Q: 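Quick one: structure below, then a few questions.
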Amino acid sequence: MFELSSPGRSAAQLRATGIAPRDLDAMIPSEHRRDDVLETVDLAERDLVGHVTRLSARQYSVDLGAYPLGSCTMKYNPKMADEVAGLAGLAHVHPAADASLTQGWLELLVTLEERLCAITGMAAATLQPAAGAAGELTGLLLMRAYHSARGDARKRVLIPDSAHGTNPASVTLSGYQVTTVPSTERGLVDLEALAARLGDDVAGIMLTNPNTVGLFEEDIETIAELVHGVGGLLYYDGANLNAILGQARPGDMGFDIVHMNLHKTFATPHGGGGPGAGPVAVGESLVDFLPGPRPVRQNDGYAWATPARSIGRVHGWHGNALVLARALAYIETHGAAGLGEVAEHAVLNANWMRRRLAAILPAAYDRPCMHECVVTATALKDATGVRALDVAKSLLDEGFHAPTVYFPLIVDEALMIEPTETESPETLEALAEALERIVARAHSDPESVHAAPQATPVGRVDEARAARTLVATEDMATRAGLR
Amino acid sequence: MFELSSPGRSAAQLRATGIAPRDLDAMIPSEHRRDDVLETVDLAERDLVGHVTRLSARQYSVDLGAYPLGSCTMKYNPKMADEVAGLAGLAHVHPAADASLTQGWLELLVTLEERLCAITGMAAATLQPAAGAAGELTGLLLMRAYHSARGDARKRVLIPDSAHGTNPASVTLSGYQVTTVPSTERGLVDLEALAARLGDDVAGIMLTNPNTVGLFEEDIETIAELVHGVGGLLYYDGANLNAILGQARPGDMGFDIVHMNLHKTFATPHGGGGPGAGPVAVGESLVDFLPGPRPVRQNDGYAWATPARSIGRVHGWHGNALVLARALAYIETHGAAGLGEVAEHAVLNANWMRRRLAAILPAAYDRPCMHECVVTATALKDATGVRALDVAKSLLDEGFHAPTVYFPLIVDEALMIEPTETESPETLEALAEALERIVARAHSDPESVHAAPQATPVGRVDEARAARTLVATEDMATRAGLR
Amino acid sequence: MPTYLPHTAEQDAAMLRFLGLEHMEDLFAHLPAAVRLAGGLPIPEGRSELDVLDEMAVLASRNVAAGLTCFAGVGAYDHDIPPVVRALASRSEFVTAYTPYQPEVAQGVLQALFEYQTLVARLSGLPIANASLYDGAAALVEALNLAASTTGRHGVLISRGVHPHWRAAARTFAAGTGHQFEEAPLVGGVTVWPTGGRDDLAAVVVGYPNYWGFLEDLAAARALADASGALLVVAGDPVAAAVVRSAGSWDADVFVGEGQAFGTALSFGGPYLGMFAVREELVRRLPGRIVGETVDVAGRRAFVTTLRAREQDIRRERATSNVCTNQTLMAVTAAIQLGWLGTAGLREMALRCATGAHELAERVAQVPGVRLASAAPFVREFALHLGRPAGPVLAAMARRGILGGVAARGLEPPGSGGGERDDVLIVTVTERHRDRDLDAYVEALRAAVAS
Amino acid sequence: MPTYLPHTAEQDAAMLRFLGLEHMEDLFAHLPAAVRLAGGLPIPEGRSELDVLDEMAVLASRNVAAGLTCFAGVGAYDHDIPPVVRALASRSEFVTAYTPYQPEVAQGVLQALFEYQTLVARLSGLPIANASLYDGAAALVEALNLAASTTGRHGVLISRGVHPHWRAAARTFAAGTGHQFEEAPLVGGVTVWPTGGRDDLAAVVVGYPNYWGFLEDLAAARALADASGALLVVAGDPVAAAVVRSAGSWDADVFVGEGQAFGTALSFGGPYLGMFAVREELVRRLPGRIVGETVDVAGRRAFVTTLRAREQDIRRERATSNVCTNQTLMAVTAAIQLGWLGTAGLREMALRCATGAHELAERVAQVPGVRLASAAPFVREFALHLGRPAGPVLAAMARRGILGGVAARGLEPPGSGGGERDDVLIVTVTERHRDRDLDAYVEALRAAVAS
Ligand SMILES: Cc1ncc(COP(=O)(O)O)c(C=O)c1O
Ligand SMILES: Cc1ncc(COP(=O)(O)O)c(C=O)c1O
């Protein structure tokens, strides 16, 4: 927007207040006063609109087409939920207003908590964490508080080698150490290796189930037994909860702590990378440690209460409230049966895609997957030199977003495809055909695949240069002579 | 959307009503009942969103950039006005509800009428006409009623040869005959020719002022005298009112009837070709003939009243009410001084552009213009074979909308450029430079200009084929073997 | 004073300098002094957007009707508009575009209009629809002009079952076109047509269902048109069309309708959507714009406005119509809403409207003094005789939170007993009404007629 | 049961067939029977979107606070959000995109974040900002982690003038990181810092203005940090920054702030916007994402997330932070809102907030029993001593339509006379408040404290 800026221009129209103006000098003593004008940017409203609208035209989104970004669950985001979030009675409420003035919000939060507990099979939940990673850290601090309260100073948390990066990062921040558990050739937790790593210094294990290669950890009961056996707790990373909605519940699998990514499972829009919401649900034995204050039913109404042994606040206020409201609207619209159908179709779509692509991009693990499948371009690379990244970039030219690439780390040349349940069979077929075209071109004209994308607003971006010479603001650009 | 349709799919979610279902047969006798299912289209909500969002990405708009479409006044449409139109208290009001239940709307309409009269210098106005052309016909019927009431059966309406096509079309529909008045070489009404065409069978004259070549009819006082002299009335086509807001008023120039295009002058969004609103304001002698019912102040409130000799209704209800509300919001935001500045900058921008382009695309009339300028590509065509249409198409490739071309008809190879006041000097300069590039290319590589546009969602469209083999619906496409 | 101008003071000065001028008023120096406005416009000074928005909200709050449960209809229907339709139809690419004069950058609007035309054609049962007219009344006016130009005649026989505002508008414009109107009376809620043909008629016009909610005998109307060599113009309800026979299946020549029901709010009557469809032979006389499919230079599917030679900007005083700006955004909205409804949703919605209407009709018939105005079949609205003036009844119902319908005159032929009775109420039910809303209606009506 | 699934029954069957399966449950056949949920989820059955929207509207109507004139602040501000900002920030391309992992199709979000980073850098007076964190509290938590990793120490000296919720969150996470907290007390509304350096401190943390509204002596805080070899973390109000000295000008190492004020509604506390800026030397320890400018293969300007080696997906347990999803949409919104305000508008808005606050402070000081809690300078909020518990006063004011502020404890050091007094009210004024709102405030307060 800075390229459109011209001093003296302004879009702002402030209301008439009728309050007599005062001189800044009379209010702020000179030692605190700015002695210059803070220059931001000077646009007319028309140019602001033009600029931002043109930016939006350079951005792919779920609303424009399929977004099979594995692990991220880029499903359709109902517009209805946006209207919920826009309700003045929800949006215009100050978070510090007394509970007597915010009964609607408290009821909404309590209802959501109940639904999330019913869906996961847990006893209670905190809605404060602002995203999945925040939920992880909150969950790990709950784990720590649980052990500490028993005078049990444990040290390690087990994590499969396929885990998402936030898991180990959260473990470090929780003060525990990461012990990695390898996966078997079947893509599941290696039970023997797990057993070998267990001990009474193990605080717990973090798992996603289905895991990040899209497979259900079929030995989950054994895992739970083993970990519980040494006094450890089971943590469920809910990024993949979409796959089992109404089909199975973490609580019934033996998990003690569960975070959910409402922006994935419950379709709140991702916002270009946030906001999300990462509520954490726990079993009975951990309820007392939950962050506070918590919204609770009380007499005829609702109030705030802080659990006896609460770990404390994990958010500046009550969590990403308007995201929570969207998620509740989604849950209420679907209901029990609807959520079950969501999981069914998420799994159906992923398996169909796995099977459909078998000839060109084989699955890393050739067995029924859940809501996503990880395929590998290793053979393609060996035959043509075309890598997973090239396939991804070529898909952009075909009008699709690319799958997640090079994650999980345990699969070579991984393409992680999560179609989600809201893509139609026709769209899946079109995606498959696009991949077929790309693979065919990889054989016939590999250079053209390396040169992709061509039809996008910009071509392949020089990431190395960005990291080498950091230009993170307009002012750095000016200093670097770019303007 | 039909290409995404699949029977059995549905986005619709109707509310639970609690009313017991009934069989259609029990309600509608067989002779009236459909005996088949009316097939429309079967989409999931996600695919509807994808389709419509992708369509929107194939559409240029004011919000994306400059739209210098002469005569159409494609200025910035304030988002505030959209919120006004979205107010539940305005949007959710049934038009047949009793006046006692719609006092807010009546007050709004009465206030708008007052403002429009103040802005044009007229006595009263009807807000019913839904667009400019509807206003024209309404105005001409007022003219007819006025003369008829005096027992004066006149026959002809004078129209300059530069007039917009709606003017003669409206005259025909009003039962009058068109007499064309030629323009002088200066681009103005030829006074002598006008005088020669006057007579007591002339009901009146329709003029825009500034006229469609963007020039102010400087002899307007004389024209008014002449036409009034034979008992005729002066009709003002308000499409160009933007140029004189707060600077001059049709009423003060001698006009008796004035229509306004609120979608032009008062920046209500054009909606891809509508809705508009075309209120008609009149002088004292015509007030009694205005369409009814009209909103009027009465005692402490507002009521509907129909003028004694009203020509009758010209709209199914009260006019394009939500467009009217947007226009009032625009007027109230700007106020007297703000509207004056609008005209100043509209005229400033147009004259700057005229001057800036003089070397490459000379103005058809080399004198100060008002809010738009008509330039001609005749010399360019003679030199290079590149026509106005080619220049227009090339401008699309440069990221701008094209000017109006081949209108008005009296200018050869016309390009009618109306920058509007909301485009910045920087944008004007960019537009001028784009035109310079195109003209340079016309000389160096005319073929490339003929081949434009290349960067648009589709290239030049085969209009002849569309007219030759009409395919106006999906079903015609199927029949024609296109699907 | 707030404006949307991007010019800085320095830029103003520089631009004036470029033009050899000093002051803004120099731009207007060539205007005759006598017409220059002195002292500025006599209107209030500007306020900020947010202040004006507040003022408008105050006005809006004075519209009591907005808060009532709406049983009023007669061409303006309180249907649900789902959030997704609102979100899509308000995309600024549609809202802030103009008429697709440059098809290469207007495929979005053009394709949406093509889809709209397809849907209107299917709803009407006629093969060709245009890209919209101002509203249902305007569509009727254009239909009469089309009929007159096709037949070379001026006579119009119009049922009193056609919306009185549409009839009024048609009469207004007839002052210019010279059409001669004659109204066919109603008996028992449906039109009584003259027997035998007439040689002066350009058009026979009938509502289906009619203004009062009742289904007309279109076979009789068609027979009259045939006997007279006139066109049959059906003013239809496009929602009812999902469950009743289409205009086309009755062999209508022209279908006109009000399309507001599809995604456009009540809006105090506008902007609405004039739907217009015709038999294939009439296409060269079609008023307004029509979008056609074609290809671009590279052979890709493309859309463009076509048969432009009919239009005012080309044919001028001999154009089929003077319409230029139409109601594109409402047409695009209707296509989106119909896309949301789908085949099953549209039918279900019409069915629910009909079910609610029949349920309510049965319940109100129990209210002492109230009776259905006719035994003729109806779909989703019906006329009642209240046995007392409808105005005060509506006022009493409004105090109980209910907009009870539309008071109407002219149901029975003038002179058929008491002239124009003032006790008629037209009641409409939509898919928004729940069982408890019907109960509340009956209660309010009972109280109002008892008081 | 409504869902958003596009699959028809036939397609379901065909897809299952393709997989060699018969029933949907076959897809889950490999799950251990014991973990398969029998009998469905124990939650209510689904309702239509419109029914749910109604239910949510009922809940919303129970939030009385939404209708009050809001004088509450402390990090959550009731600023105007102009329609244009709402319209732009809600464009679905921004709303429904994910993290820009594929920069070639994410230039929209990336450039908007680049612009956001620029604006945060300018507001903070520090050269480098990240692309957002969850909220102000989260930004503080990350700042402490950064300080600890930079200094290799764990001590945190934090002013009691920092938002108590932020302090609480920092303490919660310290259970994992092992940071040692010490709070510096307030006297007269501003922090009293210990004299002399300390060798255990990673960070000195101060609010500017502080939670109570008062402007702190940042020179003293900086001196302490310097003497201790600690980082100075300033928790600043980015609106006040338009009129007071920037964190950078006080030589802060890290700026953290809550950015909700720029275009995000009160939203009951979230989603908000954690702003984070640092000195250039600290960039490799920055938490979260940062967007950098670069070029594409054709040399065109392009943007991309950069310095990714710091992040969790690459560095895993040794990442600078675990943050992944952040608050991009709020950051984009803030950039748009700041674009709307512009240089002059931002300054004017801050000035109006300050003017209103000073006006109100003078007026309430006339109310018997009420006095300003400190003579320290303030910008747009200030603490009052009411001479009686604040809770009941707020309740009484609410009945008069006014959310009178935030009742707060801990203004004076514990044990400094009566422990934590309960008569403190923090009052905030924004540019939305008109003269008559201030009058209404004073009247409501007068009545409340008199009763
Ligand atoms: C498996 C897994 N775990 C955790 C996360 C982190 O969630 P969030 O981005 O909401 O912080 C993600 C997000 O991509 C994920 O895919
Ligand atoms: C000079 C002139 N007159 C009349 C009209 C017709 O106005 P509308 O399109 O609103 O019917 C136009 C519209 O382009 C015009 O430019």
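As the structure is a computational prediction, the values presented were derived from the model and not from experiment.
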Q: Measure from the ring center of B:H315 to the ring center of C:Y134 and say whether it is less than 6.0 Å.
A: no

Q: Do any N or O atoms from the side chain of B:R58 and from the backbone of C:V105 form a donor-acceptor pair under 3.5 angstrom?
A: no

Q: Please flag which part of C:L403 lies under 4.5 Å from any non-hydrogen atom of chain B: side chain, backbone, both or neither.
A: side chain

Q: Can you name the ring pair (Phe, Tyr, Trp, His ring centres under 6.0 Å) partners of C:F94, sequence neighbours left out?
A: none

Q: Does B:S10 use its side chain to pair, donor to acceptor, with the backbone of C:A344 at less than 3.5 Å?
A: no

Q: Which atom pair, heavy atoms only, marks the closest approach of C:Y4 to B:T422?
A: O-CG2, 4.0 Å

Q: Using heavy-atom distances under 4.5 Å, tell me whether C:N326 contacts chain B through its side chain, its backbone, both, or neither.
A: both

Q: Given that the side chain runs from C-beta out, which part of C:V332 has a heavy atom under 4.5 Å from chain B: side chain, backbone, both or neither?
A: neither

Q: Below 4.5 Å from any heavy atom of chain C, which atoms of B:E221 appear? Answer side chain, backbone, both or neither.
A: side chain

Q: Shorter than 4.5 Å, heavy atoms on both sides: which option in B:A134, B:A96, B:G132 has the most such pairs with chain C?
A: B:A134

Q: Using non-hydrogen atoms and a 4.5 Å limit, figure out which bit of B:L87 sits close to chain C: side chain, backbone, both or neither.
A: side chain

Q: Distance-only, no hydrogens or angles: does the C:E115 side chain make a donor-acceptor pair with backbone N or O of B:M1 under 3.5 Å?
A: yes

Q: Give, as side chain, backbone, both or neither, the part of B:V171 having an atom under 4.5 angstrom from any heavy atom of chain C.
A: neither

Q: For B:H92 and C:L266, indicate whether the former's side chain and the latter's backbone hold a donor-acceptor pair under 3.5 Å.
A: no

Q: Does any backbone or side-chain atom of C:A138 lie under 4.5 Å from a heavy atom of chain B? Answer side chain, backbone, both or neither.
A: neither

Q: Please classify the contact of B:A88 with chain C as side chain, backbone, both or neither, using a heavy-atom distance under 4.5 Å.
A: backbone

Q: Tell me whether C:E104 is salt-bridged to B:R460, with the criterion being a basic N under 4.0 Å from an acidic carboxylate O.
A: no

Q: Report which part of C:R352 has an atom under 4.5 Å of a heavy atom belonging to chain B: side chain, backbone, both, or neither.
A: side chain

Q: Please determine if B:E39 and C:R122 form a salt bridge, counting it only when a charged side-chain N lies under 4.0 Å from a carboxylate O.
A: no

Q: Which atoms of C:H433 come close to chain B, meaning under 4.5 Å heavy atom to heavy atom: side chain ones, backbone ones, both, or neither?
A: backbone

Q: Side chain, backbone, both or neither: which part of C:I290 has a non-hydrogen atom closer than 4.5 Å to chain B?
A: side chain

Q: Go through the structure and list residues passing ring pair (Phe, Tyr, Trp, His ring centres under 6.0 Å) with B:F216, not counting sequence neighbours.
A: none

Q: Name the region of B:L14, side chain, backbone, both or neither, that has any atom closer than 4.5 Å to a heavy atom of chain C.
A: both

Q: Within the distance-only criterion (no hydrogens, no angle test), does the side chain of B:D42 pair as donor or acceptor with the backbone N or O of C:T343 below 3.5 angstrom?
A: yes

Q: Which bit of C:S321 comes within less than 4.5 Å of chain B, counting heavy atoms only: side chain, backbone, both or neither?
A: backbone

Q: Nearest heavy-atom pair of B:V461 and C:Q107: which atoms, and what distance?
A: CG2-NE2, 4.3 Å

Q: Given heavy-atom pairs under 4.5 angstrom as the criterion, report whether the side chain, backbone, both or neither of B:L482 touches chain C.
A: side chain

Q: Could C:E431 and B:R15 be called an ion pair, given the rule that one side-chain N must be under 4.0 Å from one carboxylate O?
A: no

Q: What part of C:S61 gets closer than 4.5 Å to chain B, counting heavy atoms only: side chain, backbone, both or neither?
A: neither

Q: Does B:Y67 use its side chain to pair, donor to acceptor, with the backbone of C:Y98 at less than 3.5 Å?
A: yes

Q: In terms of heavy-atom proximity below 4.5 Å to chain B, should C:L16 be classed as side chain, backbone, both, or neither?
A: both

Q: What are the two closest heavy atoms between B:E421 and C:P6, and how far apart are they?
A: O-CD, 3.4 Å

Q: Go through the atoms of B:R9 and report whether side chain, backbone, both or neither lie under 4.5 Å from a heavy atom of chain C.
A: neither

Q: For B:L141, is it the side chain, the backbone, both or neither that has a heavy atom under 4.5 Å from a heavy atom of chain C?
A: side chain

Q: Of all heavy-atom pairs between C:A121 and B:T473, which one has the smallest distance, and what is that distance?
A: CB-CG2, 4.0 Å

Q: Counting N and O atoms only, with roles assigned by atom type, does the side chain of C:T172 sit under 3.5 Å from a partner on the main chain of B:R313, one being a donor and the other an acceptor?
A: yes

Q: Looking only at heavy atoms, what is the nearest atom pair of C:L351 and B:R22, with distance?
A: CD1-O, 4.3 Å

Q: Is there side-chain contact between C:D296 and B:D462, with at least one heavy-atom pair below 4.5 Å?
A: no

Q: Is a side-chain donor or acceptor of C:D135 paired with a backbone partner of B:G316 at a separation under 3.5 angstrom?
A: yes

Q: How about C:H7 and B:W352: are their ring centres within less than 6.0 Å of each other?
A: no

Q: Got a donor-acceptor contact below 3.5 angstrom from the C:T96 side chain to the B:D63 backbone?
A: yes

Q: Can you name the nearest heavy-atom pair linking C:G108 to B:Q59, along with the distance?
A: N-OE1, 3.5 Å

Q: Under the 3.5 angstrom rule, does the side chain of C:N63 hit a backbone N or O of B:W105 as a donor-acceptor pair?
A: yes

